[in-house]
Structure formats: C-alpha cells, structure tokens
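Heads up, the thing below is written out as structure tokens.
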Amino acid sequence: MKLSILLATVSGCLALYDPSSYTDRPCGDDITNLWLDVVAVVDNSKGMRFDGLQSIAASLVSVFGAGTRIGVNSTEKRTTRVGLVSYNEKARVNADLTTYTSFDDLFSGVYTALNDVSSTELSYLSNGLGAAADLFKKQSFGTTRDHYKKVVIVFASAFKGSGDLDPLPVAEKLRTDGAFIVTVAYDQDGNGDLMDKLNLIATPGFNFSNTEEGGNLIGKIQGALMQSNCFCPNNYDQYRVSFADKFSYRYGSCLLPVNIAASWKPAQMSCRNRKAYLATEFTQHKHDFIVKSVSSTTGFHPPLSYHIGLNQVLGKWVWDQPQGLPQIELRSWFNWSPTYPKKSSSFPGVQNLQNSNSTQWQNIDAFKVSTNYICEAYACDTDNYCDDNGTL
Ligand SMILES: *[C@@H]1O[C@H](CO)[C@@H](O)[C@H](O)[C@H]1NC(C)=O
Ligand SMILES: *[C@@H]1O[C@H](CO)[C@@H](O)[C@H](O)[C@H]1NC(C)=O
Ligand SMILES: *[C@@H]1O[C@H](CO)[C@@H](O)[C@H](O)[C@H]1NC(C)=O
C-alpha cells in the first residue's frame, strides 16, 4: 500500500478515492493540495560540504516544486508555509514561516540561504530544532493555523551534543507538542552511526538517508508529509495497519465508537449529523481493528454489540456511505453469525454481536434493537480540508 501511494505520487497519476473499489479510503495523495506548516532544519557545518548543501537545496525545491501552494491564501486554505533554519554551532533563521509567499520565493530563498558551508565543524542539532520549535510557538500554535499539522525536516551530517546541547529532549518535546520529525542523514563519512542516532529523533517511519534506495528520497519525504497531513478529529480513531502501533501506515478513514445506545436507523441519522456514516467492514482487517478499537472504548463491554453500516435495501445487502453517495453492495468477506442473515425484510439493519467464538454480523429490526454503534468519516487530508474545530 505504502509503495503504491509513493509510486502514484511519482508518476503523477492521482485519482480521488472511489468507494466502489471496495477498499478502505487511503490518505489523500495530492501534493499540490498539501496543507502544513513545515520548517526545514539544515546542518551547514563543515562536515556537510558544499555539494551536500546544494543537494539539500535541490531536494527541498523538488519536494514542493510538484505544485504545492506555498504561503497563505484567503480563498484556498490548503496551503503550506515553509520556514528554513540552518545551523552549525548556532542556529540561524533564514526564513520564518511568513517569509516565503510563493514557490518562486522558496526557490530563490533556499538556494541563496544554502550557498555557503560554514568553516566550523561544530554541529548542534539541538539549536536547529530549538529554532524550529520557536517558529511554531510564535507563528503557528495559537494562530489561525493552529490546526495545521507541523513538520520538521532535518538534514544532518552529524549528531553532536550532550547536556544542554543534547538534541533528544528537544526532539521529544517537539513530538509531544504534536509535530512530526522527518530526518535525512547525510552520512558524508559513511560510518552508519549518524543514521542510528537520527532514527531516535525521527517520527517512526520518517527516518531517511540521502542515499535512499532507488534514489527516491523526494518521494519518501512527500509521502511522510502527506501522512502527516492525514489525521482525524479528536475522539476518532484513525484506521491504520496496526491498532497497537499508532505510527503504522494510516488510512484516510476515521472511526468513532459511540457508546450511547440507539436503534439502527437513529444511529445512522446520528452519524449523518456528524457528517459521517455507519462504518463499513470490507475486510476482516477492518473488522478486527474495530473490535480492538471498541474494546478500548469506555462503555463497550463483553459481549460486545454495535451497529455497523451494513443494511438491506430493495433485497440487497449494502454498506452505508457518506450522505449523497450511493451505498456499496456487499461483495466479499462475509461475517454472518451461524443461521444469519435471517430472511426477513423486517430485519434490515446489522449489528455485530460477540459470541463465544468471535464477533459476527446479525441482521435486526432497524427500530427495535438498541445498542452502541460505530460512525466512520473521511480523514482530514490533502483531498479534504478540515476547519479549526476539526469539523469534517
Ligand atoms: C488563491 O487561490 C485561488 C484558488 O486556487 C487562486 O485562484 C489565487 O490565484 C490564489 N491567490 C494567490 C495570491 O495565490
Ligand atoms: C529507520 O529506523 C528503523 C528503526 O530504528 C530502522 O529499522 C530502519 O532501518 C531505519 N531506516 C532508515 C532508512 O534508516
Ligand atoms: C462456534 O464454532 C463452532 C465450530 O465452528 C460452531 O459449531 C458453533 O456453532 C459456533 N458457535 C457460535 C455461537 O457461533
């Protein structure tokens, strides 16, 4: 899945999600619609060398050059601001988050700023990260762009510093505050130690090197940016490859277990009022993820029971969808309890019910059986802007 997303980005063949594909919605992958606040933190100490700096400038320009809107725009909210910090012994803010107001600004600004390698061997990443944290604090958190995800992209040739100059606590603080950290190791001496250390500060899965296999560093950074841009409103669980690992590959789909019992039709209405729909279970993986999600939600107790989006319309079993879209006919992976579905048009709703073996589907009256339910909504991402209340 990850690979196909990256390939789609590289080859530029973007397609909006089509529910009739009977797959779960991936995160939006249109780099032109990225909406983030990003600070690039670039090591310009002697060890980086001039050719290193030049290739960083080229990488940065290429990551956004695919058409990302740089700066702010009053009519199109999906824009990305990019700041630039260079560091050696000390950090210097070459561009704050308001400096570049267009891609052309970024292009010339980045090449100008990264035109000189420093004469010092000292390279304190903690200072660079600190300057990035400062920019977010002054220009992003608590502003009209508070709800834009924040990403630091570190390009480093060394990992130095202890005590006050240790980069680890600064990185941890940034991540606790909700920022993502992408690292790119420029291991100019090739001893491997740099990568091991940078892995410790990167958001899991966002650690790269300038010698990425297949030369696809740009695609990997873009992929990390689009995953960072893909998130759910508060209280929703984002559907992902592993429930236990919240850094595993994310889908563009958000799940909300609701612990206030209702019968099937009112549950569907309540999801619609949240701009959501009753959840689909196209696969066993999604079903199992939902079981784990409800099992860790207050108000859900064994034997688990909850409504999902499967329902019968004109004799066909179909999955609920966002309002206005056609429902999707049940096609593969069937999870009916033994002896179900009951052949009766007066049982058109479906709940999951836990029995001694597993949690399985049973069709029920749409107005008489009250239980908890699961709403699902598209994630906020490049295809789907969310306002500052996290409203979809
Ligand atoms: C803002 O976005 C709109 C819609 O994409 C575009 O037509 C307009 O040129 C943009 N304005 C600026 C200042 O970039
Ligand atoms: C990223 O970090 C993980 C975990 O430390 C490691 O297994 C992986 O090889 C690293 N990837 C790169 C490109 O360094
Ligand atoms: C549990 O599984 C066994 C064997 O597959 C089956 O005979 C039985 O009916 C199942 N029980 C329930 C409650 O689904």
Side-chain angles (χ1 to χ4, degrees), residues 1 4-5 8 13-30 33 230 232-233 236-240 250-258 262-287 289-290 293 306-336 340-352 360-367 369 371-386 391-392:
M1 178 55 86
S4 67
I5 295 276
C13 52
L14 300 163
L16 281 180
Y17 167 63
D18 175 6
S20 74
S21 60
Y22 217 76
T23 55
D24 282 288
R25 181 177 182 271
C27 287
D29 64 352
D30 185 350
N33 286 333
C230 181
C232 294
Y236 282 76
D237 256 338
Q238 187 155 12
Y239 181 40
R240 54 185 179 266
R250 307 158 169 220
Y251 289 92
S253 162
C254 304
L255 296 161
L256 181 70
V258 180
S263 50
W264 196 94
K265 263 288 172 199
Q268 181 191 42
M269 191 54 68
S270 150
C271 291
R272 287 195 174 162
N273 290 340
R274 300 167 205 257
K275 295 192 180 152
Y277 50 98
L278 281 168
T280 60
E281 294 188 344
F282 292 157
T283 61
Q284 167 122 38
H285 184 274
K286 177 84 165 292
H287 170 82
F289 186 93
I290 293 175
S293 173
Y306 47 89
H307 298 306
I308 53 171
L310 193 56
N311 65 119
Q312 197 178 45
V313 178
L314 303 175
K316 286 185 174 148
W317 290 105
V318 293
W319 291 106
D320 198 21
Q321 287 291 297
Q323 202 161 8
L325 293 186
Q327 299 206 340
I328 303 296
E329 192 170 347
L330 175 62
R331 196 189 294 174
S332 60
W333 195 66
F334 302 92
N335 187 39
W336 295 110
Y340 282 83
K342 301 279 185 217
K343 285 197 175 34
S344 163
S345 59
S346 52
F347 297 122
V350 173
Q351 67 171 350
N352 261 303
Q360 293 176 306
W361 303 339
Q362 297 191 348
N363 58 324
I364 46 166
D365 185 290
F367 288 103
V369 182
T371 188
N372 293 346
Y373 52 97
I374 317 296
C375 297
E376 177 169 13
Y378 288 7
C380 309
D381 60 23
T382 56
D383 292 337
N384 191 24
Y385 176 76
C386 299
T391 309
L392 293 156

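Atom set for the values below is all heavy atoms of this structure, side chains included, hydrogens, waters and symmetry mates excluded.
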Between Asp381 and Arg25, does any side-chain N to carboxylate O distance fall below 4.0 Å?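 Counted as a salt bridge, because a side-chain N and a carboxylate O are separated by less than 4.0 Å.
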Salt bridge between Asp24 and Arg240, side-chain N to carboxylate O under 4.0 Å?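 Salt bridge between Asp24 and Arg240, a charged N being under 4.0 Å from a carboxylate O: no.
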Nearest 0.5 angstrom please: [X] [atom1] to [Y] [atom2], how far?
X	Y	atom1	atom2	answer
Asn311	Asp320	CG	CG	6.0 Å
Gln362	Gln351	CD	CD	5.5 Å
Leu256	Tyr373	CG	OH	8.0 Å
Ile364	Ser263	CD1	OG	8.0 Å
Phe282	Ser332	CZ	OG	9.0 Å
Met269	Arg274	CE	CZ	13.0 Å

Using side-chain heavy atoms (C-beta onward) and a distance below 4.5 Å, is [X] in contact with [Y]?
X	Y	answer
His307	Thr371	yes
Cys27	Gln238	yes
Leu310	Val318	no
Trp333	Thr283	no
Val350	Trp336	yes
Tyr239	Phe289	yes

Could you walk me through whether Phe334 and Tyr340 pass side-chain contact (heavy atoms from CB on, under 4.5 Å), step by step? CA-CA 11 Å; Phe334 302 92; Tyr340 282 83; over 6 Å; no
Please report the C-alpha distance between Ile374 and Val258 in whole Å, then the side-chain angles of each, then the deciding distance to 0.1 Å, and finally whether the side-chain contact (heavy atoms from CB on, under 4.5 Å) criterion is met. CA-CA 6 Å; Ile374 317 296; Val258 180; over 6 Å; no
Begin from the C-alpha positions of Cys232 and Cys380 and carry the test disulfide (SG to SG under 2.5 Å) through to its verdict. CA-CA 6 Å; Cys232 294; Cys380 309; over 6 Å; no
Residues [X] and [Y]: side-chain donor-acceptor under 3.5 angstrom:
X	Y	result
Tyr22	Trp319	yes
Glu376	Ser253	yes
Asn352	Glu281	yes

Distance flag, aromatic centroids of Trp317 and Trp361, threshold under 6.0 Å: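 Not close enough - the centres of the two rings lie 6.0 Å or further apart.
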For side-chain contact (heavy atoms from CB on, under 4.5 Å), just list the numbers for Tyr17 and Asp383, CA-CA rounded to whole Å, side-chain angles, deciding distance to a tenth of an Å, and then say yes or no. CA-CA 9 Å; Tyr17 167 63; Asp383 292 337; 5.9 Å; no
Using the side-chain contact (heavy atoms from CB on, under 4.5 Å) rule, take Gln321 and Thr280 through it: C-alpha gap first, then chi angles, then the decisive distance, then the call. CA-CA 8 Å; Gln321 287 291 297; Thr280 60; 3.7 Å; yes
Ignoring hydrogens, what is the shortest heavy-atom contact between Pro257 and Ser293? Give both atom names and the distance.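 Closest approach of Pro257 to Ser293: CG-OG, 3.6 Å.
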Give the minimum heavy-atom separation between Ile290 and Ala279, together with the two atoms involved.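 Reported closest heavy-atom pair: CD1-CB, 4.1 Å.
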